[in-house]
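We name chains A, B, ... by the order of the sequence lines, and we start the count at 1 in each one. Any value given below was found using the heavy atoms of this structure, including those in side chains, with hydrogens, waters and symmetry copies removed.
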There are 2 protein chains.
Amino acid sequence: MRFHRHACITRDGGLTHERRRIVNAIPTVYDVAERSGVSIATVSRVYRSPDSVRAATRERVLAAASELGYVPSGNARGLASRSTGVLGLCFPDYSDPDTVGAEDDDAAMLYSDQIIRGMERAARRHGYALLIAASLAGGPESLVAQVAGRVDGFAVMARTVPTEELEAISRRRPVVMLAGPRAQDPSLDHLDHVEVANEDGQYELTRHLVHDHGLRRLAYVGFGEDSPDVEARFRGFRRACAEAGVEAAAAPALRMPMMTQAEGARAARLLCERSGDRPEAFVFANDQMAVGALQALERRGLRVPDDVVVTGFDGIPLSRLVRPALTTVRQPMVRMGEEAVDLLVRRLSGQPPQEPVSLMLPVGVARRASCGCEETPVLPTVG
Amino acid sequence: MRFHRHACITRDGGLTHERRRIVNAIPTVYDVAERSGVSIATVSRVYRSPDSVRAATRERVLAAASELGYVPSGNARGLASRSTGVLGLCFPDYSDPDTVGAEDDDAAMLYSDQIIRGMERAARRHGYALLIAASLAGGPESLVAQVAGRVDGFAVMARTVPTEELEAISRRRPVVMLAGPRAQDPSLDHLDHVEVANEDGQYELTRHLVHDHGLRRLAYVGFGEDSPDVEARFRGFRRACAEAGVEAAAAPALRMPMMTQAEGARAARLLCERSGDRPEAFVFANDQMAVGALQALERRGLRVPDDVVVTGFDGIPLSRLVRPALTTVRQPMVRMGEEAVDLLVRRLSGQPPQEPVSLMLPVGVARRASCGCEETPVLPTVG
DNA sequence: CATGTCGATGAAAGCGCATTCACATTAGGG
DNA sequence: CCCTAATGTGAATGCGCTTTCATCGACATG
């Protein structure tokens with residue numbers, strides 16, 4: 001309707017863009033078109049398919065655009081073309097605003113940092129940018145409004161957004177769940193999933209302790225109330241124990257409320273003070289707690305791995321740097337982000353809709369000093 | 001022109017949205033409006049200003065939206081309201097796609113990770129989401145198209161996008177330069193800047209070595225060809241030397257091509273093998289090289305800090321974990337991201353346009369074992 | 001010379017929403 | 001019970017772009 005060149009009779013004189021040019025506003029295709037003596041269609045073509053425009057014309061347009069400081073509006077472009085060229089990621093808000101500066105949650109953040117890195121890299125390869133948002137204080141409503149409405153598809157880290165909400169959104173655009181298991185009832189969960197082999201990883205690690213080191217009395221230490229990750233890892237632990245004929249309780253020996261180093265240290269003390277024989281190995285559900293335990297054990301004068309073996313899970317950088325270096329299960333977090341993007345891109349590339357995908361990424365056991373597999377040099381070997 | 005209810009005569013019957021509903025397309029305000037028996041204006045109001053809609057009406061609309069899986073289009077919203085609610089960050093592409101999995105560039109990436117974290121956190125506080133993009137292979141053109149056109153304002157890490165281009169864009173929307181000095185000719189640089197006090201930090205650190213530890217023969221090791229950061233740090237080094245009457249060459253003792261640990265190790269070897277007295281202290285322009293040097297010195301049987309002092313710059317987590325822990329200058333990278341967002345938000349909040357701002361964030365010297373200020377416990381104290 | 005072909009350009013329409021009026025409805029005041 | 005003032009809702013318009021579709025030349029072909 002711009003300029004109302006056809007038969008319609010309207011109120012305003014169609015001076016909109018003439019008016020806009022007078023104030024110092026953001027230049028649009030109209031300004032560039034006028035300045036270079038072409039139509040807006042040609043300006044658009046210069047950006048969308050440069051080869052379809054004669055070279056001389058193209059130069060004129062680009063010159064005008066440059067003089068005006070013209071940048072195409074992503075909103076308008078997205079609206080007209082029905083796609084944004086942006087993928088999204090929603091992750092939980094680890095950083096409590098009160099603890100700014102505390103480096104305590106560093107490891108937890110590393111998790112999302114790595115996923116961000118992987119997604120950004122893969123998205124870029126496919127020509128997408130990445131929009132990130134931690135879960136907002138304003139509740140999931142705003143999260144969805146902020147992200148879901150602005151992207152062609154997005155990934156969500158587990159337990160960031162309610163499942164029902166994701167279901168509704170995923171009816172209309174691709175959504176990938178990161179590090180969260182598929183819902184029990186598959187009819188309620190049509191998302192794609194990318195997980196790591198928590199159970200298999202813990203199984204392998206446990207098997208190594210039992211089989212290669214001959215350990216029999218193992219204590220598993222979990223965290224959180226109902227973390228699916230911890231549950232899966234514990235299942236792997238039990239499976240390995242069962243296969244080797246080692247007795248293992250039906251529940252973790254300890255279940256700490258949080259996944260911090262402090263809690264790990266506390267867990268180590270509790271296990272040492274319990275009546276009966278001290279376990280030969282402390283199997284922790286993550287690295288942070290295991291590191292805390294290393295410190296607590298050192299303080300008690302217990303040597304790792306000679307007096308007690310300690311293992312972790314995640315493979316955070318710190319796990320390699322502590323002394324003794326921590327035997328753990330390495331999670332491919334960067335790759336997780338990359339796989340998520342690949343899934344999204346596949347869904348977006350006009351393939352016929354398929355069944356929901358569940359990717360289970362393999363993990364690797366890092367056998368290091370804390371189980372007795374390596375010497376303990378004084379200086380970390382880095383890089 | 002939708003439905004063409006006014007006097008215009010047009011070709012199509014305005015069936016657009018009826019048609020769309022039949023295919024399984026993304027629902028729009030029109031679908032929600034129809035389903036809940038209101039106009040699209042009311043649907044819009046339900047999201048933009050819920051209080052202006054009667055409660056009963058609001059519930060009807062929300063119910064319809066939920067049934068349809070409606071998510072407001074960020075593009076349309078942005079186009080109509082002339083803002084996106086998104087801030088951007090462009091950072092250099094550290095990750096060479098060939099070295100995926102190599103953890104060598106970890107520390108360099110940590111730098112951008114932390115800035116991302118800071119920006120995301122601050123952006124969220126102000127109700128913005130964050131769009132991130134590393135510099136694209138397709139050249140800066142696509143970077144700008146991807147980011148600049150989609151955000152209300154953005155930050156750029158130094159040497160990611162050519163200055164002229166930033167100048168053009170910044171005429172129309174706020175742009176903040178991160179960790180890059182203002183151009184020599186201020187008339188060519190109207191960006192806001194956020195920097196860290198590189199010079200002062202290196203000055204303080206050097207002063208500490210000279211003044212508190214009585215060192216006189218210091219060797220400065222830089223990297224890169226023309227890194228402004230390294231230059232600033234070296235200026236601080238020289239200033240401290242000059243004030244203390246310690247002789248310092250006009251140029252760094254060594255200037256390695258890259259900022260890696262391997263180069264740091266090589267630098268340490270070169271300095272040890274040079275003719276003449278070995279310097280008492282190796283002052284590195286970043287932590288990674290310093291860590292590499294620690295390893296090389298250990299291999300040569302030289303004790304740090306007893307035989308030679310080593311210092312770094314940046315305060316990466318690794319600096320605290322190596323043995324001996326590295327004396328270094330801590331950069332407030334998270335805060336840098338936060339300050340950048342604050343600057344952007346301030347410019348966006350309709351303030352009268354002001355002069356370009358240059359923020360110089362203070363740094364802190366971390367005095368640790370590698371200069372002789374701390375004991376060296378076997379196990380890193382973490383958290 | 002008429003005709004067909006192809007490349008370059010312009011005209012027009014619409015993407016999904018916010019927003020401005022105008023209008024309808026209801027509540028308050030006399 | 002009428003008039004005015006809120007209050008709630010609808011019609012219409014444009015945000016800046018992409019994308020047909022039509023047009024217009026410039027040529028090559030018969």
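- The line from OG1 of B/T57 to CZ of B/R54 is 4.0 Å long, rounded to the nearest 0.5 Å.
- Contact detail for A/V147 and A/L131: the closest heavy-atom pair is CA-CD2, 4.2 Å.
- Under the 6.0 Å cut-off for aromatic ring centres, B/Y47 and B/Y70 qualify, their centroids lying closer than that.
- The phosphate of C/dA18 (OP1 or OP2) has a side-chain N or O of B/R77 nearer than 4.0 angstrom.
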Could you run down the sub-3.5 Å N/O contacts of the protein with nucleotides 5-10 of chain D?
| unit_1 | atom_1 | unit_2 | atom_2 | d |
| --- | --- | --- | --- | --- |
| D/dT9 | OP1 | B/R54 | NE | 3.4 |
| D/dT9 | OP1 | B/R54 | NH2 | 3.1 |
| D/dT9 | OP1 | B/T57 | OG1 | 2.5 |
| D/dT9 | OP2 | B/R54 | N | 3.0 |
| D/dG10 | OP2 | B/S39 | N | 2.9 |
| D/dG10 | OP2 | B/S39 | OG | 3.3 |
| D/dG10 | OP2 | B/T42 | OG1 | 2.8 |
| D/dG10 | N7 | B/R45 | NH2 | 2.8 |
| D/dG10 | O6 | B/R45 | NH1 | 3.3 |

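- Residue B/S73 has its side chain nearest to C/dC17 when only C/dC17, C/dA18, C/dC15 are considered.
- Using a 4.0 Å cut-off between a side-chain N of Lys or Arg and a carboxylate O of Asp or Glu, B/R124 and B/E120 qualify as a salt bridge.
- On a pure distance criterion of 3.5 Å, a polar donor-acceptor pair joins the side chain of A/Y30 and the base of D/dC17.
- For B/M119 against B/V341, the heavy-atom pair with the smallest separation is O-CG2, 3.6 Å.
- The side chain of A/Y70 contributes an N or O atom lying less than 4.0 Å from OP1 or OP2 of D/dC17.
- In terms of phosphate contacts, B/S44 brings a side-chain nitrogen or oxygen within less than 4.0 Å of OP1 or OP2 of C/dA18.
- With hydrogens and angles ignored, the 3.5 Å screen pairs no side-chain donor or acceptor of A/R173 with any backbone N or O of A/D152.
- Look at CG on B/N75: it is 14 Å from P on D/dG16, rounded to the nearest Å.
- Taking atom OH of residue A/Y47 and atom P of nucleotide D/dG16, one finds them 15 Å apart after rounding to whole Å.
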